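Because the structure is predicted, anything quoted here is derived from the model rather than measured.
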Amino acid sequence: MSAADELLDIVDEDDRVVGQSPRGEAYARGLRHRCVFIQARDAEGRVFVHRRTHTKLVFPSLYDMFVGGVVGAGETYDDAALREAEEELGVSGLPRPEPLFKFLYDDGAARTWWSSVYQVRCDLPVSPQAEEVAWHDFLTEDEVDRRLSDWEWVPDGLAAYERLKAYRRSTG
């Protein structure tokens with residue numbers, strides 16, 4: 001099954017399931033679905049950053065400071081967060097990512113999804129999926145912030161990152 005054929009739950013503005021659709025159709029028709037964003041840090045507190053491959057259905061070849069992806073039909077956010085983190089980092093036995101908050105991403109151009117943001121510490125050696133990740137490294141938060149204006153980032157990841165920084169400021 002291709003990524004475009006993966007079945008997703010379609011949700012309303014309150015994150016209630018209202019139907020199901022293949023991923024490719026959901027993207028093409030701008031149907032609201034669910035995604036997870038996991039900020040992975042190594043033992044030194046550095047953030048896992050990567051550039052997406054040119055073959056990705058959404059935001060190909062852009063940089064991201066989260067691992068993650070869509071929540072499959074019938075899957076919980078928490079289960080999707082662990083699955084996506086392990087898949088994209090290329091590890092197994094990762095601790096369950098810690099849920100932080102949710103927000104509705106909507107770019108006004110038919111890209112909209114409920115987004116659940118997580119964090120996880122990854123002390124394991126990473127081996128990201130070559131079909132998902134073209135480049136990766138662990139960067140300090142200062143390095144990530146310095147690169148925000150230099151690199152082209154996925155817009156939903158930027159939205160999640162800004163909200164995560166505000167969340168951390170508010171929870172001290």
Side-chain angles (χ1 to χ4, degrees), residues 2-4 6-11 15 21-24 26-27 31-42 46-107 111-124 126-139 141 144 147-148 151-168:
S2 76
E6 181 181 4
L7 198 59
L8 307 181
D9 285 332
I10 304 305
V11 296
D15 197 20
S21 175
R23 183 197 294 208
Y27 287 176
L31 302 175
R32 186 177 295 121
H33 53 283
R34 294 173 170 163
C35 289
V36 291
F37 294 76
I38 307 97
Q39 185 178 70
R41 291 180 179 264
D42 66 7
R46 297 175 302 176
V47 178
F48 180 82
V49 175
H50 67 283
R51 188 169 48 81
R52 298 162 62 88
T53 60
H54 72 281
T55 57
K56 297 291 285 180
L57 285 175
V58 175
F59 309 132
S61 300
L62 300 186
Y63 288 89
D64 201 349
M65 66 283 284
F66 294 95
V67 294
V70 298
V71 178
E75 188 176 31
T76 67
Y77 281 107
D78 290 351
D79 288 344
L82 180 60
R83 175 184 55 76
E84 287 285 350
E86 288 190 335
E87 282 178 7
E88 287 197 26
L89 294 169
V91 300
S92 59
L94 197 64
R96 188 166 278 281
E98 175 190 355
L100 301 175
F101 61 90
K102 278 177 32 179
F103 73 98
L104 178 60
Y105 175 78
D106 190 334
D107 71 356
R111 287 191 174 137
T112 179
W113 38 84
W114 272 101
S115 307
S116 190
V117 179
Y118 293 78
Q119 65 185 4
V120 71
R121 180 170 158 169
C122 180
D123 294 337
L124 303 164
V126 298
S127 180
Q129 293 177 306
E131 60 272 15
E132 301 261 342
V133 176
W135 168 90
H136 72 279
D137 201 358
F138 282 94
L139 303 178
E141 191 108 18
V144 173
R147 300 213 193 306
L148 287 179
W151 293 352
E152 191 174 1
W153 298 86
V154 295
D156 60 343
L158 277 177
Y161 187 66
E162 291 303 319
R163 285 173 172 81
L164 179 56
K165 288 178 11 179
Y167 170 85
R168 289 191 171 134

Original post:
How would you list, by chain and number, every residue that makes a side-chain hydrogen bond (donor to acceptor under 3.5 Å, both in side chains) with Trp113, sequence neighbours excluded?
Top reply: Asp156
For [X] and [Y], which heavy atoms make the closest approach, and how far apart are they?
X      : Y      : answer
His54  : Pro60  : O-CB, 3.4 Å
Leu8   : Ala26  : CD1-CB, 4.3 Å
Val117 : Ala160 : CG2-CB, 4.2 Å
Ser116 : Tyr77  : CB-CD2, 3.4 Å
Phe48  : Pro128 : CZ-CG, 3.9 Å
Phe138 : Ala40  : CE2-O, 4.2 Å

Can you find a pair of side-chain heavy atoms, one from [X] and one from [Y], that are under 4.5 Å apart?
X      : Y      : result
Pro22  : Leu7   : yes
Thr112 : Asp107 : no
Val120 : Leu94  : yes
Val49  : Asp137 : no

Original post:
Do Glu75 side-chain atoms and Gly72 backbone N/O form a donor-acceptor pair below 3.5 Å?
Top reply: yes
**OP:** Report the residue from Arg41, Lys165, Arg46 that forms a salt bridge (charged side-chain N to carboxylate O under 4.0 Å, His left out) with Glu141.
**Re:** Arg41
Out of curiosity, [X] [atom1] to [Y] [atom2], how far, rounded to the nearest 0.5 Å?
X      : Y      : atom1 : atom2 : value
Leu100 : Ile38  : CG    : CD1   : 10.5 Å
Leu124 : Asp42  : CG    : CG    : 11.5 Å
Arg32  : Asp9   : CZ    : CG    : 14.0 Å
Ser115 : Phe101 : OG    : CZ    : 9.0 Å
Cys122 : Gln39  : SG    : CD    : 13.0 Å
Tyr27  : Arg111 : OH    : CZ    : 9.5 Å

**OP:** Report the residues that fulfil side chain to side chain contact (heavy atoms under 4.5 Å, CB included) with Thr76, sequence neighbours left out, ordered by chain and then residue number.
**Re:** Asp78, Asp79
**OP:** From the options Trp153, Phe59, Phe37, Tyr118, select the one residue that forms a ring-ring contact (aromatic ring centres under 6.0 Å, His included) with Phe66.
**Re:** Phe37
**OP:** I would like to know whether His136 and Val126 meet side-chain contact (heavy atoms from CB on, under 4.5 Å); could you show each step before the answer?
**Re:** CA-CA 10 Å; His136 72 279; Val126 298; 3.9 Å; yes
Using a strict threshold of under 4.0 Å (side-chain N to carboxylate O), is an ion pair present between [Y] and [X]?
X     : Y      : value
Arg52 : Glu152 : no
Lys56 : Glu131 : no
Asp15 : Arg34  : yes

Original post:
Would Trp114 and Val71 satisfy side-chain contact (heavy atoms from CB on, under 4.5 Å), going step by step from the backbone distance to the final call?
Top reply: CA-CA 10 Å; Trp114 272 101; Val71 178; over 6 Å; no
Original post:
Using a distance-only test with no angle check, is there a side-chain donor-acceptor pair under 3.5 angstrom linking Glu98 and Gln119?
Top reply: yes
Original post:
Under the ring-ring contact (aromatic ring centres under 6.0 Å, His included) criterion, do His50 and Tyr63 qualify, and how do the steps go?
Top reply: CA-CA 6 Å; His50 67 283; Tyr63 288 89; 8.7 Å; no
Original post:
What's the verdict on side-chain contact (heavy atoms from CB on, under 4.5 Å) for Met65 and Leu148, showing C-alpha distance, side-chain angles and the deciding distance?
Top reply: CA-CA 10 Å; Met65 66 283 284; Leu148 287 179; 3.8 Å; yes
Original post:
Taking it one step at a time, do Val47 and Leu139 satisfy side-chain contact (heavy atoms from CB on, under 4.5 Å)?
Top reply: CA-CA 5 Å; Val47 178; Leu139 303 178; 5.5 Å; no
